[in-house]
Amino acid sequence: MPCGARADSPSAPGGGVLVNARIRTLSEAQPVAEALAWDAAGRIVAVGTREEVLGKAAGATPHDAKGATVVPGLIDAHAHLMGLGTALMSADLVGARSRDEVIARLQEFAKKLPPDAWLLGRGWDQNDWPDKSFPTATQLDEHFPTRAVWLERIDGHAGWANSAAMRRVTRDLSGDWQPDGGRILRDGAKPTGVFVDTAMDLVNGVVPPQDEAFRAEALRRAVASAASVGLTGVHDMGTSAADLDLFRRFADQGRLTLRVVAYADGDSTALDDRCRGGAYEHPSGRVRMAGVKFYADGALGSRGAALIEPYSDDAGNRGILVTPPARLLASMQKARRCGLQVATHAIGDRGNRLVLDDYTEVLGKDAAGDHRWRIEHAQVVSLADIPRFAQLRVIASMQPTHATSDMPWAEKRIGPDRLAGAYAWRRFEQAGVRLALGSDFPVESADPRLGLYAAVTRQDLEGQPPGGWLPDQKLTPMEALQGFTTDAAWAAFMEGEVGRLEPGLHADFVLLDADPITSPPARLPGIRVLSTWLDGVAVYTAP
Ligand SMILES: [Zn+2]
């Protein structure tokens, strides 16, 4: 273990000092330093040369970074913490190369479950198997005759159940009826075990609800997983009142080793609570809620993103406004009255235009003020609308890995012309728009190294396509790092707390075995996180 710190050790009475480091402070006054000291409360008191810092750190516990690169703790500006936790509570089937491998992973996972608990899994893809036909319930029944098994496909648009799971469904599944917007696969009159789109609800509806113990364990795993990849903060997009309670309880117990900026889940109880009680902040500073997340449209992959012109591969389809426009506008006005920051999901160019129009109307002359309202994703935007983000001072909260996940099919959906405003990070930068970067985990990996890599290369992990996809939109390594630190902090009004390493801010930082700014871009995903520190305490140390 480097630095002699224990993951659970409390902050030393006199704080700590980190020496022998190559520190990227992200602070303009002093971009590079070799030592860092913090006080007992975990606030940075000195940054500079070893001599300068040791002089101001009498009584502090020394930690030797052994030449590691240190960057500010990474912040994911768009993520779903409980979603990650729930994913971590189910069997991971991503990348399984055969049905046998799926079964083997399920058997391993089932060892940790109570005998009668549902076995939930996710991530199978029959296209990766030698036999590419859809799987069947019978194949699961052989190994799981009594325990209910329910496995979501990699895209979330199909599920694979065993017979024990199908027996719990109250509606008779035999015959030839089909639900609207979905399909039950059948062999004759008998369901095979695969349920597509809305048909999945039949099984999802009988999965027992998560109890508090499950949710607490899910959050514990999510928080630990985030720390292991160098995250010290997340903006949780769509936090329910119950989620906020759980985060608060973890913070009370000193178990929340992550700074969570929560955005209420739409026009909901959580929003009403904030309208009544004002912005929330836990005394530890680790949980706050001062904003709300709304949805304008759907996603591009399923052709739910709202487009101005029809989809290039689906004539007549312009996508879906998932919140009725009048209600969306009224909810934004309510949030404004309550003094909250608004973050709205908009993926298509019609969705983005609608939100910009709404923000213009709701903010009025205050658009010139420091509201920091955000558009989440801003994925396909009309070139005419990009400058409006700057005029309205709206933050574009974008996810580099969405670009590299979507690049194989995005052009089919929107055609070559609209591609100019798609995942157009550089164009936003050039227009003077503030970016904040994130991952949207668990939709993508929570690992910010993959986000940095995607931002800098616009390539997949195999280095495809050569030179990168739409390469003129790449960010520099420093811009990408700022997106996950200073810019993400700014997007949550936290630039006075985190995102840089300078006196007065929290001692949230990450030790890496290589410098993400000078490493060859292809090396970014492989940089090791040696340890992650929050308020001057190591909350993760590499084994
Ligand atoms: Zn999201």
Side-chain angles (χ1 to χ4, degrees), residues 77-78 291 293-297 300 305-309 318-319 321 325 328-329 332-333 335-336 341-400 402-403 406 410-411 413-438 455 458 468-476 478-480 482-483 486-493 495:
H78 183 121
K293 151 96 179 291
F294 296 123
Y295 277 93
D297 62 356
L300 199 60
L307 299 179
I308 296 166
E309 299 295 332
R318 295 202 304 139
L321 295 174
L328 180 62
L329 182 64
M332 288 176 184
Q333 278 159 336
R336 178 74 188 150
Q341 183 192 21
V342 170
T344 309
H345 165 118
I347 289 194
D349 52 11
R350 184 159 60 106
N352 275 276
R353 181 167 291 174
L354 173 80
V355 175
L356 290 167
D357 290 348
D358 285 353
Y359 283 5
T360 305
E361 177 167 349
V362 176
L363 289 167
K365 61 177 175 12
D366 295 340
D370 195 17
H371 53 80
R372 303 194 199 181
W373 283 22
R374 319 168 32 151
I375 292 186
E376 302 305 310
H377 310 304
Q379 219 166 69
V380 179
V381 180
S382 162
L383 293 182
D385 286 335
I386 293 178
R388 296 180 65 199
F389 280 74
Q391 284 152 19
L392 289 167
R393 304 172 59 120
V394 168
I395 296 163
S397 167
M398 301 172 94
Q399 299 75 34
H402 277 338
D406 299 358
E411 186 170 352
R413 294 278 186 285
I414 59 174
D417 294 344
R418 284 181 286 197
L419 220 46
Y423 315 87
W425 317 320
R426 172 61 58 204
R427 274 193 189 83
F428 278 89
E429 284 267 342
Q430 281 166 345
V433 181
R434 291 267 199 165
L435 299 184
L437 300 182
R458 296 182 70 105
W469 181 59
L470 308 171
D472 58 348
Q473 296 304 307
K474 287 177 189 171
L475 296 180
T476 66
M478 184 51 89
E479 288 166 340
Q482 285 166 342
T486 49
D487 295 343
W490 198 85
F493 290 96
E495 70 277 13

Looking at Pro325 and Leu354, what are the two nearest heavy atoms and their distance? CB-CD1, 4.5 Å
side-chain hydrogen bond (donor to acceptor under 3.5 Å, both in side chains) filter on Gln341, not counting sequence neighbours, yields Tyr263
According to salt bridge (charged side-chain N to carboxylate O under 4.0 Å, His left out), who are the partners of Arg426, at least two apart in sequence or on a separate chain? Glu479
Listed by chain and number, what are the side-chain contact (heavy atoms from CB on, under 4.5 Å) partners of Ala436, not counting sequence neighbours? Ala77, Ile395, Ala491
Considering all heavy atoms, the nearest Ala296-Gly351 contact: CB-O, 4.2 Å
Spacing of Asp406 atom CG and Gln379 atom CD [to the nearest 0.5 Å]: 5.5 Å
Between Ile386 and Gln430, is there a side-chain heavy-atom distance shorter than 4.5 Å? no
Within-4.5 Å side-chain heavy-atom neighbours: Phe493 and Asp370: yes
Are Val362 and Val342 close enough that some pair of their side-chain heavy atoms sits under 4.5 Å apart? no
Using the ring-ring contact (aromatic ring centres under 6.0 Å, His included) criterion, which residues pair with His402? Sequence neighbours excluded. His377
Report the residue from His78, Gln399, Lys293 that forms a side-chain hydrogen bond (donor to acceptor under 3.5 Å, both in side chains) with Glu376. His78
So which atom in Leu300 and which in Ala410 form the shortest heavy-atom distance, rounded to 0.1 Å? CD2-CB, 4.5 Å
Distance in Å, Leu363 CG paired with Asp358 CG, rounded so as to fall on 0.5 Å steps: 10.0 Å
Check salt bridge (charged side-chain N to carboxylate O under 4.0 Å, His left out) between Arg413 and all other residues, then give those that pass, not counting sequence neighbours. Asp313
State which residues pass salt bridge (charged side-chain N to carboxylate O under 4.0 Å, His left out) with Asp385; sequence neighbours excluded, sorted by chain then number. Arg353, Arg388
With Arg350, which residues qualify under side-chain contact (heavy atoms from CB on, under 4.5 Å), at least two apart? Ala306, Ile308, Arg318, Leu321
Between Ala455 and Arg458 the two heavy atoms that sit nearest each other are O-CG, 4.4 Å
Checking Trp373, Phe389, Phe294 against Tyr359 for ring-ring contact (aromatic ring centres under 6.0 Å, His included), the one that qualifies is Trp373
Using the side-chain hydrogen bond (donor to acceptor under 3.5 Å, both in side chains) criterion, which residues pair with Arg393? Sequence neighbours excluded. none
Value rounded to 0.5 Å, distance of CD in Gln333 from CG in Leu328: 10.0 Å
Atom CD of Glu309 with >12 non-hydrogen neighbours under 6.0 angstrom: no
Does some side-chain heavy atom of Glu429 sit less than 4.5 Å from a side-chain heavy atom of Leu435? yes
ring-ring contact (aromatic ring centres under 6.0 Å, His included) filter on Tyr423, not counting sequence neighbours, yields Trp469
Closest approach of Gly468 and Pro471, non-hydrogen atoms and distance? O-CD, 3.5 Å
How about Trp490 and Gln482: do any of their side-chain heavy atoms sit closer than 4.5 Å? no
If you define the side chain from C-beta out and look only at heavy atoms, does anything of Leu437 sit under 4.5 Å from Leu475? yes
For a 4.5 angstrom cut-off between non-hydrogen side-chain atoms, does Thr344 reach Met332? yes
Return the CG to CZ distance between Asp349 and Arg418, rounded to the nearest 0.5 Å. 6.0 Å
Working to the nearest 0.5 angstrom, can you tell me the gap between Asn352 CG and Asp297 CG? 7.0 Å
Hits for side-chain hydrogen bond (donor to acceptor under 3.5 Å, both in side chains) against Glu495, two or more places apart or cross-chain, chain-then-number order -> Arg372
Residue pair Val433 / Ala390: nearest heavy atoms and the distance that separates them: CG2-N, 3.8 Å
Please enumerate all residues that pass side-chain contact (heavy atoms from CB on, under 4.5 Å) together with Ala422, with sequence neighbours excluded. Val380, Ile414, Leu419
Only counting residues at least two apart or in another chain, list the ones meeting ring-ring contact (aromatic ring centres under 6.0 Å, His included) with Trp425. none
